[in-house]
Asker: 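Have a look at the structure that comes next, please.
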Amino acid sequence: MARRTKAEAQITRAALLDAAELLFDEHGVSRTSLADIAKAAGTTRGAIYWHFADKAALFDAMIERATEALAPDMPCDEAAIDMAQLCCGLVGALEGIAHHPHLRRVMRIAIHRVEYVGELDAIRARHLSSHRAWTARSERALAVAFAAQKQPPPLSSTLAAIGLQALVEGLLQSWLLDPDAFDLAETGRAAVANWLRGLGLDDAACAAPA
């Protein structure tokens with residue numbers, strides 16, 4: 001009986017996340033109430049609070065569910081990440097978003113459908129934490145790559161990491177605004193490779209698969 005109850009709870013949780021995702025995309029996060037989500041999921045607000053502390057927690061769970069598959073195969077020790085792994089992770093993320101409508105919708109919500117005000121300020125904190133983590137990974141990988149070069153780098157690893165992050169995030173924002181404008185995966189791969197070449201680094205990790 002306990003197993004059935006747990007299974008039913010998971011079904012309810014998934015239904016709430018599905019409803020939230022569709023409503024957030026259609027109306028925006030701030031304009032979607034928990035009552036709206038409960039109604040669309042065919043349950044009650046009490047069910048929402050059983051699974052999530054508030055709207056921000058529900059939003060976080062929606063993002064985590066959609067982006068689990070994007071996590072690149074990084075070393076357990078993140079300090080050991082190299083440029084090949086970093087490049088594959090960034091390009092792989094863009095390819096995943098481009099090829100999976102569900103993931104594309106969630107990214108559109110996270111970038112174009114949320115306001116960092118009031119109860120949603122907690123979402124800003126999560127976004128900022130994720131942004132800083134990726135930039136820090138890039139900086140560590142770039143520092144190691146620059147140290148292995150014979151000539152001095154054209155700029156610091158900190159500035160190079162900020163530029164790489166801005167490049168990838170800018171491409172994603174532009175593509176989500178107008179998906180027909182360019183191929184996200186192809187353009188992303190070429191843009192990251194060109195950025196690495198400009199820094200005097202090997203771009204082999206960004207080569208398109210044969």
Side-chain angles (χ1 to χ4, degrees), residues 10-30 32 37 41 48 51-78 81 83-116 119-141 161-162 164-177 179 183-189 191-192 205-206 209:
Q10 290 303 311
I11 290 173
T12 298
R13 186 178 189 275
L16 289 168
L17 290 174
D18 289 342
E21 185 179 312
L22 293 174
L23 290 174
F24 286 163
D25 190 35
E26 183 177 356
H27 304 294
V29 180
S30 63
T32 300
I37 295 170
I48 292 181
H51 292 281
F52 312 103
D54 50 29
K55 189 192 289 187
L58 190 157
F59 181 94
D60 284 348
M62 178 196 70
I63 296 293
E64 288 172 4
R65 182 180 70 162
T67 57
E68 282 179 351
L70 285 184
D73 295 326
M74 299 293 188
C76 293
D77 178 7
E78 289 193 352
I81 185 174
M83 282 306 302
Q85 292 164 322
L86 180 70
C87 184
C88 286
L90 291 172
V91 173
L94 294 178
E95 290 179 336
I97 293 167
H99 297 149
H100 299 285
H102 167 64
L103 185 54
R104 182 188 316 164
R105 179 168 59 242
V106 170
M107 289 296 101
R108 183 168 60 237
I109 293 168
I111 293 175
H112 292 302
R113 302 282 198 271
V114 62
E115 297 175 276
Y116 298 142
E119 64 179 339
L120 303 182
D121 192 56
I123 296 174
R124 175 187 177 278
R126 183 190 187 284
H127 191 174
L128 181 59
S129 176
S130 176
H131 172 87
R132 286 176 172 172
W134 267 106
T135 304
R137 290 190 191 101
S138 298
E139 184 174 355
R140 287 193 293 270
I162 292 172
L164 180 59
Q165 190 75 10
L167 171 66
V168 174
E169 290 183 349
L171 278 172
L172 180 55
Q173 287 193 29
S174 295
W175 182 80
L176 288 170
L177 191 64
D183 183 300
L184 179 62
E186 180 181 331
T187 303
R189 185 181 295 278
V192 173
C206 294

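Quantities reported herein were computed from a predicted structural model and do not represent experimental measurements. When a residue number appears, it is its place in the shown sequence, counting from 1.
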Asker: Compare all side-chain heavy atoms of Leu86 with those of Met83 and state whether any distance is below 4.5 angstrom.
Answerer: yes
Asker: Look at atom CD of Glu186 and say whether more than 12 heavy atoms of other residues, nucleotides or ligands are closer to it than 6.0 Å.
Answerer: no
Asker: For the side chain of His112 and the backbone of Arg108, is there at least one donor-acceptor N/O pair under 3.5 Å apart?
Answerer: no
Asker: Do you know which two heavy atoms are closest between Ile37 and Leu16, and how far apart they sit?
Answerer: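 In this case the closest contact between Ile37 and Leu16 is CG2-O, 3.7 Å.
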Asker: Arg113: what forms a salt bridge (charged side-chain N to carboxylate O under 4.0 Å, His left out) with it, not counting sequence neighbours?
Answerer: Asp25
Asker: Of all residues at least two apart in sequence or in a different chain, which pass the side-chain contact (heavy atoms from CB on, under 4.5 Å) check with Ser174?
Answerer: Phe182
Asker: Can you tell me how far apart CD1 (Ile97) and OG1 (Thr67) are? Round to the nearest 0.5 Å.
Answerer: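 Result: 9.0 Å between the selected atoms.
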Asker: Between Gln173 and Ile111, what is the shortest heavy-atom contact and its length?
Answerer: CG-CG2, 3.6 Å
Asker: Write down the atom of Ser30, the atom of Glu115, and the distance for their closest heavy-atom approach.
Answerer: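 Nearest heavy atoms, Ser30 then Glu115: OG-OE1, 2.7 Å.
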Asker: Tell me, please, which residues at least two apart from Arg105 pass salt bridge (charged side-chain N to carboxylate O under 4.0 Å, His left out).
Answerer: Glu21
Asker: What's the separation between atom CG in Leu58 and atom CZ in Arg13, rounded to the nearest 0.5 Å?
Answerer: 8.5 Å
Asker: Glu26: what forms a salt bridge (charged side-chain N to carboxylate O under 4.0 Å, His left out) with it, not counting sequence neighbours?
Answerer: none
Asker: Hey, are the side chains of Phe52 and Met62 touching, using non-hydrogen atoms and a 4.5 Å cut-off?
Answerer: no
Asker: How close do Ala191 and Leu171 get, counting heavy atoms only, and between which atoms?
Answerer: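 Residues Ala191 and Leu171, closest heavy atoms: CB-CD1, 3.8 Å.
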Asker: Got a second to check how far Thr32's OG1 is from Lys55's NZ, nearest 0.5 Å?
Answerer: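 NZ of Lys55 is found 6.0 Å from OG1 of Thr32.
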Asker: Rounded to the nearest 0.5 Å, how far apart are CD1 of Ile123 and CD1 of Ile63?
Answerer: 8.0 Å
Asker: Can you label the angle between the His127 ring and the Tyr116 ring as parallel, tilted or perpendicular, going by 30° and 60°?
Answerer: perpendicular
Asker: How long is the span from the CE atom in Met107 to the NE2 atom in His102, to the nearest 0.5 Å?
Answerer: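 Here the interatomic distance stands at 9.5 Å.
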Asker: Not counting sequence neighbours, which residues clear side chain to side chain donor-acceptor pair (under 3.5 Å) with Arg126? List them please.
Answerer: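 For Arg126 the side chain to side chain donor-acceptor pair (under 3.5 Å) partners, ignoring immediate neighbours, are Asp60.
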Asker: Excluding sequence neighbours, so at least two apart, what forms salt bridge (charged side-chain N to carboxylate O under 4.0 Å, His left out) with Asp18?
Answerer: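 Counting only residues at least two positions away or on another chain, Asp18 forms a salt bridge (charged side-chain N to carboxylate O under 4.0 Å, His left out) with Arg65.
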Asker: Would you find more than 12 non-hydrogen atoms of other residues, nucleotides or ligands less than 6.0 Å from Glu169 atom CD?
Answerer: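 Atom CD in Glu169 is crowded, with more than 12 foreign heavy atoms closer than 6.0 Å.
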Asker: Return yes if some donor-acceptor pair links the side-chain N/O of Thr187 with the main-chain N/O of Asp183 below 3.5 Å, else return no.
Answerer: yes
Asker: To the closest 0.5 Å, what do you measure between CG (Leu17) and CD1 (Ile48)?
Answerer: 10.0 Å
Asker: For Phe59 and Ile109, which heavy atoms make the closest approach, and how far apart are they?
Answerer: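 Reported closest heavy-atom pair: CE1-CG2, 3.8 Å.
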Asker: For a quick test of reading the model, state the closest non-hydrogen atom pair linking Ser138 to Ala161 and the distance between them.
Answerer: CB-CB, 3.8 Å
